[in-house]
Structures are given as structure tokens and as C-alpha cells.
Amino acid sequence: MKVKHILGLSFCTLLLIILFQQAGMWFAYHNQMQKAEAVLSSSFKEAFVLVTDAQENRLPYAEGTVTHMVYAPDSLHLNDEDRQFYYAEQTSTILQDAYGQPEISLDSLRLTLGHILENERMEGSIYIRKLDAATGQTLQVSPAGTILPDQEGIGIVSSPRACLHLRKGIAVEAIMDQHYFRHPSNLLFPGLTFLIAVLLIGAIALRMHLLQHLRHDIERQCGDFYRLAELMAQPVRKMEACLHNACWTEARLQARQVLADTEATLTRAKEENARLRSHRFVWLHRLSWSMIPLAFVLPALWGRYIYHEQQQSMNHEVQVCFEEAFVEENDLRHIRSVDVNHLKGVRKSFITGATEYFHHQTDSMTSVLYRKTTDENDSVIYVMTVPVSINGIYVSRKSMDLSEGIRLYRAYGTQQLINERPVAVPLDMQRMDSLFRASLLKAGLNGQSGIRMLRPATSEVTGQAGDVSLQQASLFTSPLRLTEDGSLCVQGMVAGSTMHILHSAWYLFLPLGMVFIFCLLCIGLLWRAWRQQRRLEQFRKDFTYSMIHDMKSPLQTVLMGTQMLESGRLADKPEKIEKISQAMNDECACLLTLSGRVVVLTEIERGELELHPVRVALLPLFNDLVTKFRLKAYKPVEFQVECAEDLWVTADSFCLHEVLSNLVDNALKYSGKEVRIRLSANVTADGILEIKVGDNGIGIPQSQQMKIFNRFERVASGSRATGASGFGLGLNFVWQVVHLQGGSITVESTEGSGSEFTISLPLSIGKLQEKDIITTRKKAPVKEPFIIFIHAITVGFKPVRFRGCSSLRNTRPLSIAGSVLPVLLAR
């Protein structure tokens with residue numbers, strides 16, 4: 001998968017999350033507006049009733065004087081709230097026409113409405129608008145001088161209109177601006193979270209861009225090494241010839257030429273490294289890591305805020321449900337109190353008289369609403385011709401305490417009447433619990449509830465009802481007074497609120513969870529890209545060091561040696577001259593070997609290697625290896641050779657020698673101070689030749705035995721235990737060459753007890769003769785394999801498979817130059 005595919009997929013995922021988020025926010029907005037409109041409508045009706053009632057109570061009449069009657073036809077099917085509102089509209093008109101009162105104060109209505117909305121936990125700016133009901137023209141606004149917000153705007157809700165004067169067509173309505181975008185959960189948190197997600201994608205894009213720079217840099221560096229290693233063969237041969245002929249000046253010039261080419265390659269690599277380490281790339285690293293805490297903190301804060309808001313909202317809804325159940329219970333108690341105290345048909349004691357308008361209105365309404373007739377006893381009776389509800393309005397100057405809300409004010413007023421009567425009717429716990437549960441279910445809340453009666457002073461519970469105990473309850477309502485002094489209270493309990501909170505706001509938590517998961521995936525990509533960058537930088541560093549060690553150091557040795565010999569200072573010291581000459585010849589041989597291996601390994605990677613199978617005697621080959629490594633070993637080594645003298649195999653002699661050299665060299669590197677190496681060969685019953693190379697080294701952990709033949713894999717503890725260096729490409733090179741010759745290689749090892757590699761080869765390859773050639777030429781290689789591999793691990797993170805190579809699924813991409821680095825193995 002390429003960079004553009006990763007970024008395209010990221011942006012598509014982000015757009016999908018945004019769509020879910022916008023859908024969730026729209027759903028939340030729709031619910032919020034519905035709830036706000038319902039609360040504003042109910043609160044406005046209550047405020048209008050209260051303000052009209054206050055104007056009624058300011059009339060200059062005695063306490064309890066009936067001023068007028070109001071009515072509501074039964075055909076309207078009004079509930080109690082709407083009926084009171086309908087009565088208040090009639091009262092407003094009557095007070096202006098019959099008693100000469102002014103219209104109610106808009107400011108008083110606005111302040112009363114604001115107080116009620118505050119108890120209902122509704123926040124926002126409140127405006128009261130007086131208008132012409134017929135034309136909709138605004139006549140007055142409270143607060144004065146303000147500009148009304150657009151009623152179609154976001155977060156704007158309006159109340160139903162209340163008639164100030166029915167015949168004049170003057171109405172009043174409330175408008176509330178909730179300042180929707182000032183609410184953190186509506187704009188701030190979603191915007192910041194979206195910004196973090198975009199910044200994460202940008203950081204990934206920049207990190208991928210940097211990885212591409214590194215990849216191109218490494219490709220260029222590897223290409224320079226290819227050309228340098230291949231082109232230095234001829235100058236090194238000339239230098240070697242000059243050394244044999246003691247032509248020190250010509251040898252020095254050749255060494256200086258090759259060293260200049262090597263220095264130029266290293267200089268380009270260092271300049272590119274310095275450019276990529278400049279300050280303009282430093283901020284990318286800081287930006288990437290600064291996004292990680294923000295990607296965790298912001299969604300967590302947003303989720304906590306949503307949960308807290310939903311919890312507060314649910315607590316308020318439960319409190320409202322409990323208060324409504326308390327109101328209903330007190331109404332039922334009042335009906336029962338009237339029965340037990342025999343108050344039916346008894347005139348209300350608080351009515352002290354009536355005004356002239358009331359009597360005039362009674363006479364007028366009687367002729368309209370009632371029909372005069374006689375009963376069976378010829379007595380005169382009045383029969384209602386129009387079914388209506390009639391109520392008398394009287395003056396009551398009792399102060400109203402709305403600090404606890406209009407519901408509790410009325411409930412406590414009803415409860416006071418009940419308690420003042422001779423026969424008191426107690427609260428029915430079971431019935432109130434049923435009313436509470438029904439109110440919760442109506443509001444869509446958890447119906448598992450209970451109530452308890454307690455004394456707040458001593459925290460003593462005197463009674464309990466419901467299916468929720470004190471231990472199961474997770475939410476408690478505010479206690480409501482059953483006595484005037486508050487010595488006895490009733491309290492509601494609800495269980496299991498957490499899941500309900502999560503479920504009630506799923507449309508907000510779902511997009512939030514998606515954003516959080518998306519941020520985690522982006523962080524994972526950043527982490528992986530950062531690891532790839534570190535590995536590429538480490539490879540470039542190691543690769544540069546290898547160039548210095550394997551190319552520059554031998555050339556400097558030759559250059560220094562020729563200068564010393566050319567100066568003539570050692571003319572009288574033939575032993576030193578011979579020693580220096582031998583050292584320079586060895587360095588030239590190493591450089592020629594390096595150049596030759598580059599060509600061979602390039603052909604292997606491109607599928608163009610030509611194998612020349614010949615009959616190879618194994619015992620002489622083993623003896624040659626023993627002699628070679630005893631001379632070059634830097635620590636005591638003991639060889640044990642087990643091979644028949646007449647044992648031979650048909651194979652490419654050069655490749656077979658290189659394979660065994662690599663295995664023996666690894667045995668030396670990954671061993672302790674004293675080394676024991678076993679070389680053996682035997683033929684199995686199936687006619688397969690098995691060549692074994694065993695040692696007493698550090699061994700290979702079981703978990704890594706399946707990986708060591710992969711490219712760039714080394715034993716994890718190898719360098720720490722033995723100090724051995726290398727790129728981990730030797731065994732992959734061995735694996736390729738053995739399989740190209742029709743064989744296989746396996747390993748048996750115990751950590752800390754040594755390893756044994758077994759190469760299985762057929763004794764002869766079909767009917768091939770010594771003159772036959774095996775070629776593995778491919779038709780049209782598209783890319784250099786090392787370029788494909790770099791592209792795979794830095795861009796797509798996708799495993800690739802080379803012809804003649806093991807799977808790279810478990811490859812640890814520390815070193816990338818696949819075709820180059822095998823030549824940098826220990827010589």
C-alpha cells in the first residue's frame with residue numbers, strides 16, 4: 001500500500017467519522033431543541049399564570065373577594081396546565097376592561113420566566129415580545145432596546161403566544177437563545193478533536209514524506225556503492241600488479257584515485273544525512289509526539305463532559321419525576337381529605353365576598369350557559385346547556401415562595417391544607433412509589449425505583465417502599481418535606497443509572513469512540529513510521545561505516561604503505577618491506593573479493609547468476625577451509641573434520657566454498673574464547689549428501705531459529721555476547737545459493753550450547769556434465785530488488801517475496817541494501 005493510498009484511506013475514514021459525528025450532533029441538537037421547546041412552553045405558561053395572578057392580587061379589594069369567573073369549554077379537551085393558561089388569558093382581558101388595570105409588565109414576565117427556567121436547568125438569553133396577533137408585527141420587546149434573534153436560527157426556541165387582550169388581538173410570546181455554539185460539547189470539543197485527527201493525518205503524511213526521502217537517499221547511496229564496487233576492480237588489479245612489481249608510485253596513484261571516488265561517495269551520503277537532520281525536520285518529530293497526549297486527553301475530556309452533562313440532566317429529570325409524583329399524591333390525598341372531613345358542598349372558608357362585576361358576570365353567564373326548568377317536584381332548577389368548566393378568581397395576597405419551583409409551591413400548599421384539617425390523611429408510600437415509577441417510565445428513564453421516609457436530623461429511615469433498596473440505589477432525589485418544619489421527609493431512589501446514561505447519549509458516545517479508535521490507529525501508524533525511520537537511519541549509519549571499513553580503510557592502508565616504501569626509509573629493512581607488501585597485497589585481495597561478490601550477488605538478486613557445476617572433492621575443500629581460518633583466526637580454534645577421501649559432489653565450486661566459508665566464519669564470530677568447529681559430510685540412504693558445520697558457540701534461541709535465514713536477521717544476543725558485527729545477511733546469502741543448487745539448509749541449536757547447520761545437496765544434478773551451465777535468468781526485472789524492499793517496508797509495510805529468497809514476513813528491516821550488504825560480511 002502506497003503513501004497516497006494510506007492517506008486517502010485515512011481521509012475517507014475521517015470523513016466517515018465526521019458524517020457519524022455530524023449525524024450524532026444533529027440528533028442531539030434535535031432532541032435538545034425538542035426538550036427546550038417543551039420546557040419553555042410549560043414554563044412560559046406557568047410564568048404567565050403567575051404574573052396575571054399577581055396582578056389580580058394587587059386589586060384594591062379585601063382578602064378572599066371574588067372578582068370574576070373564568071370558564072373553559074369541555075370541547076377543548078384541555079389538561080390542567082393549558083386550562084390554567086386559558087383562564088389567565090381571560091383574566092388579563094377582564095382586568096383591563098372591567099378593572100382598568102394596565103397590561104402585565106413584560107419585564108416582570110421575563111424575570112418570572114427566567115426564575116422558572118433556572119429551576120428547570122435551562123440556560124440562555126430570554127426575550128419577551130409583544131405583538132399584534134393578526135399581523136405578527138412586534139409592538140414591544142423586553143429587555144428594551146434589544147434586537148430579537150432570528151427565530152429560525154440555531155439554538156432559538158419560541159413559546160406559544162398568550163393573549164394579553166382577546167378583542168384587541170394583542171399577544172405576547174417568549175424567545176430564548178440558548179447560545180448553542182457557546183456550549184463546549186456542541187462546537188469546542190468536536191472542533192478540537194477533529195483538528196487533532198487532521199493534525200495526526202498531517203503528521204503521518206509528513207513522516208511518510210521523510211521516509212521517502214530516506215528511502216531515496218539509501219537507494220542513491222546503494223547505487224553509488226554498486227557502481228564504485230564494480231568499477232574499482234580494474235584500478236585495484238593495476239594497483240596489485242604495481243605492488244608485485246614494486247612500482248610504489250604508480251600503486252599510490254591508483255590507490256589515491258580509488259580513495260577519491262570512495263570519499264566522494266561518502267561525502268554525498270554525509271551531506272544528505274546532514275540535510276535530513278536539519279532543523280526543518282526536527283519540528284516534525286516534536287509535532288508527532290505532541291499529538292499523542294492530545295489525542296488521548298481531548299476525547300477523554302469530551303467523553304467525561306458528555307457523561308457529566310447527561311448525568312446532571314438525568315438527575316434533574318428524576319427529580320422532576322419525583323416532584324410530579326409528589327404533586328399527584330398530594331392531589332389524591334386532598335380528595336381523600338375532603339371525603340374524610342365531610343367538606344363536600346361546604347362553602348370555601350376563604351371566600352369573603354364578591355364584586356359587582358362578579359354578580360353582573362354571573363347573571364350574564366347564567367342566561368347563556370344554563371337553561372331554567374323544573375324537576376319532578378315542580379322545583380325550579382338550572383340545567384347547563386353548554387358543557388364548560390367554571391372557576392371563580394379571588395384576591396389572595398399570600399406571598400408566593402417560588403425558590404423551590406412552581407410544582408413544589410403548589411404541592412406544599414395542598415399539603416398544608418391537608419395537614420390543617422381535623423382528620424389528617426397520611427402519605428401513601430406504595431401509591432407514591434407507583435406514581436414515581438410511572439412518571440419515570442413516561443420520561444423514558446429506568447423504572448427501577450423506590451422511596452423512603454426519613455428524619456433528616458437523625459438520618460433515621462421510618463419507612464420504605466419499592467423494588468430498590470438503599471444498597472442498590474445509585475441516585476437519590478432531594479428530600480421533600482412532609483411537615484412544615486421539615487422534620488419528616490420523603491426521598492426517591494433509582495438504581496442502575498450508568499448504563500442508562502451511556503444509552504441515552506449513544507449518538508454522541510458512538511462518534512466519540514470512533515474518533516478515539518481512529519486516533520489510536522493514527523498513533524500506531526506514527527509509531528510504526530517512526531520505528532521504520534529509526535531503522536533506516538541506523539542502516540544508513542551502519543552502511544556508511546561498512547563502506548569506510550571495507551573500502552576506505554584498505555585503500556588508506558595501501559596508500560600509507562606505498563608512501564613508506566616510496567620514501568626509502570625501509571630500504572635496509574627487508575623483513576618490514578616484505579611484511580608491508582604482504583599486508584597491501586592482502587588488502588588488494590579483499591577489495592577484489594568485495595568487487596567480485598558485488599557482481600555475484602547482483603546476479604543472484606536479478607536472477608541472472610550462472611552456476612558452473614563441477615565435481616568437487618569435499619575433503620580437500622574442508623582442509624583448505626581449516627588452513628585458511630586457522631591462519632586468520634584471532635582466537636584459539638580447534639577443527640574436527642569427518643569426511644571420506646572419495647566423497648565428492650557436483651556443484652559450483654566457488655559458491656560452495658563461499659557458503660562453507662560463511663558458516664565457518666559465523667561459528668568463529670558467535671563463539672567464546674575457545675572455539676571448536678566440526679566439519680562433516682556423509683551420504684544418506686536416499687542418496688543425499690549432508691554437509692554439517694557445528695560449533696560450541698552461544699547458540700540460537702528457539703524463537704529466532706525460523707528467522708535467521710531471512711534477510712537482515714541476526715541472533716539478538718550475538719553482538720552483546722561476542723562483540724561480533726555485521727548486517728545479518730550471511731545466512732540469507734547461504735540459503736539462496738544452496739537452494740539455487742537444488743539443496744536445502746536447516747539448523748539445530750540450543751541456546752548457550754552451540755549450533756549445527758546441515759546442508760543437504762544431491763550428489764549430482766541430473767545428467768549434467770562439468771561443461772554444463774545452470775542459469776537462473778529472469779525475463780524482465782522491473783526494479784532492483786533492494787529498491788522494492790525499501791519501498792515495501794517504508795511505504796506499504798507489506799511483505800514481498802524475492803525469487804530464491806525466503807519470506808520476508810518476519811524481516812527486521814535494520815539494513816536495507818539487499819544486493820549490496822552480503823559483500824560486507826566478515827572476510
Side-chain angles (χ1 to χ4, degrees), residues 39 42-43 46 50 80-81 84 115-122 311-338 398-421 424-443 445-495 497:
V39 172
S42 176
S43 300
E46 292 282 358
L50 292 175
D80 291 340
E81 181 182 72
Q84 294 294 327
H115 185 74
I116 295 175
L117 290 175
E118 183 180 355
N119 288 331
E120 296 294 335
R121 295 185 71 251
M122 291 293 295
Q311 186 180 40
Q312 294 295 323
S313 177
M314 194 189 78
N315 292 347
H316 177 70
E317 290 180 7
V318 171
Q319 182 67 31
V320 170
C321 291
F322 187 63
E323 292 177 2
E324 290 176 349
F326 186 64
V327 171
E328 289 188 61
E329 170 61 20
N330 281 339
D331 289 342
L332 295 174
R333 289 172 64 198
H334 182 264
I335 296 173
R336 177 62 178 164
S337 176
V338 171
K398 181 182 178 181
S399 62
M400 300 179 65
D401 182 10
L402 299 179
S403 60
E404 296 177 292
I406 188 65
R407 280 185 301 273
L408 291 182
Y409 170 76
R410 290 176 176 169
Y412 286 146
T414 304
Q415 182 174 262
Q416 185 177 2
L417 289 176
I418 297 171
N419 293 337
E420 289 175 350
R421 288 169 181 162
V425 177
L427 184 92
D428 189 334
M429 298 278 290
Q430 297 294 337
R431 184 173 60 192
M432 184 172 176
D433 177 63
S434 299
L435 294 172
F436 184 33
R437 185 181 299 109
S439 182
L440 289 174
L441 293 175
K442 183 180 178 181
L445 300 173
N446 185 6
Q448 294 183 350
S449 63
I451 62 172
R452 62 173 181 168
M453 194 177 298
L454 72 159
R455 300 186 184 276
T458 61
S459 300
E460 176 188 358
V461 178
T462 60
Q464 187 169 328
D467 52 3
V468 174
S469 64
L470 182 62
Q471 292 75 20
Q472 296 173 332
S474 59
L475 190 152
F476 295 89
T477 66
S478 300
L480 304 182
R481 300 189 305 273
L482 295 178
T483 58
E484 190 67 24
D485 58 358
S487 59
L488 187 64
C489 296
V490 63
Q491 187 179 41
M493 303 178 293
V494 177
S497 61

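- His334 has its side chain out of reach of Asp331: every pair of non-hydrogen atoms, C-beta onward, lies at least 4.5 Å apart.
- For the pair Arg437/Asp433, a side-chain contact is recorded, criterion being any heavy-atom separation below 4.5 Å from C-beta on.
- Considering only heavy atoms from C-beta on, Arg333 comes within 4.5 Å of Asn419 through its side chain.
- The side-chain heavy atoms of Phe436 and Val318, taken from C-beta on, include a pair separated by under 4.5 Å.
- With rounding to the nearest 0.5 Å, the separation of CG in Leu117 from OG in Ser42 is 9.5 Å.
- When the side-chain contact (heavy atoms from CB on, under 4.5 Å) test is applied to Thr483, the partners found at least two apart in sequence or on another chain are Asp485, Ser487, Leu488.
- Within the 4.5 Å cutoff, the side chain of Val490 has heavy atoms near those of the Leu427 side chain.
- Asn330 contributes a side-chain N or O that, together with a main-chain N or O of Ala411, makes up a donor-acceptor pair within less than 3.5 Å.
- The side-chain contact (heavy atoms from CB on, under 4.5 Å) test applied to Gln319 returns Glu323, Thr477, Ser478, Leu480, not counting sequence neighbours.
- Closest non-hydrogen pair, Val468 versus Gly450, comes out as CB-N, 4.2 Å.
- Annotation: cation-pi geometry satisfied between Arg481 and Tyr412 (NZ/CZ under 6.0 angstrom from ring centroid, within 45° of ring axis).
- Formation of a donor-acceptor pair under 3.5 Å by the Gln448 side chain with backbone atoms of Asp467 is not found in this model.
- A salt bridge links Arg431 with Glu329; the closest basic N to acidic carboxylate O contact falls under 4.0 Å.
- Between the CD atom of Gln464 and the CD atom of Gln491 there is a distance of 10.5 Å, given to the nearest 0.5 Å.
- Rounded to the nearest 0.5 angstrom, Met429 CE and Met453 CE are separated by 4.5 Å.
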Before you tell me yes or no, could you show the steps for Glu120 and Val320 under side chain to side chain contact (heavy atoms under 4.5 Å, CB included), namely the whole-Å CA-CA distance, both residues' side-chain angles and the distance that decides it to 0.1 Å? CA-CA 9 Å; Glu120 296 294 335; Val320 170; 4.2 Å; yes
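- A distance of 11.0 Å separates CE in Met493 from CG in Leu475, rounded to the nearest 0.5 Å.
- Residues Met314 and Val494 have side chains not in contact (no heavy-atom distance under 4.5 Å, counting atoms from C-beta outward).
- Taking a 6.0 Å sphere around CD of Gln312, one finds it holds more than 12 heavy atoms contributed by other residues, nucleotides or ligands.
- Minimum interatomic distance between Gly486 and Cys489 (heavy atoms only, all atoms of both residues): O-SG, 3.6 Å.
- A distance of 9.0 Å separates CG of Leu332 from CG of Asp428, quoted to the nearest 0.5 Å.
- A distance of 9.0 Å separates SG in Cys321 from CG in Leu441, rounded to the nearest 0.5 Å.
- The side-chain heavy atoms of Phe326 and Thr414, taken from C-beta on, include no pair separated by under 4.5 Å.
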As a quick check of understanding, evaluate side chain to side chain contact (heavy atoms under 4.5 Å, CB included) for Arg410 and Glu46, giving each step before the final call. CA-CA 12 Å; Arg410 290 176 176 169; Glu46 292 282 358; 3.3 Å; yes
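- Under the 4.5 Å side-chain criterion, counting only non-hydrogen atoms from C-beta, Ile116 is not in contact with Met122.
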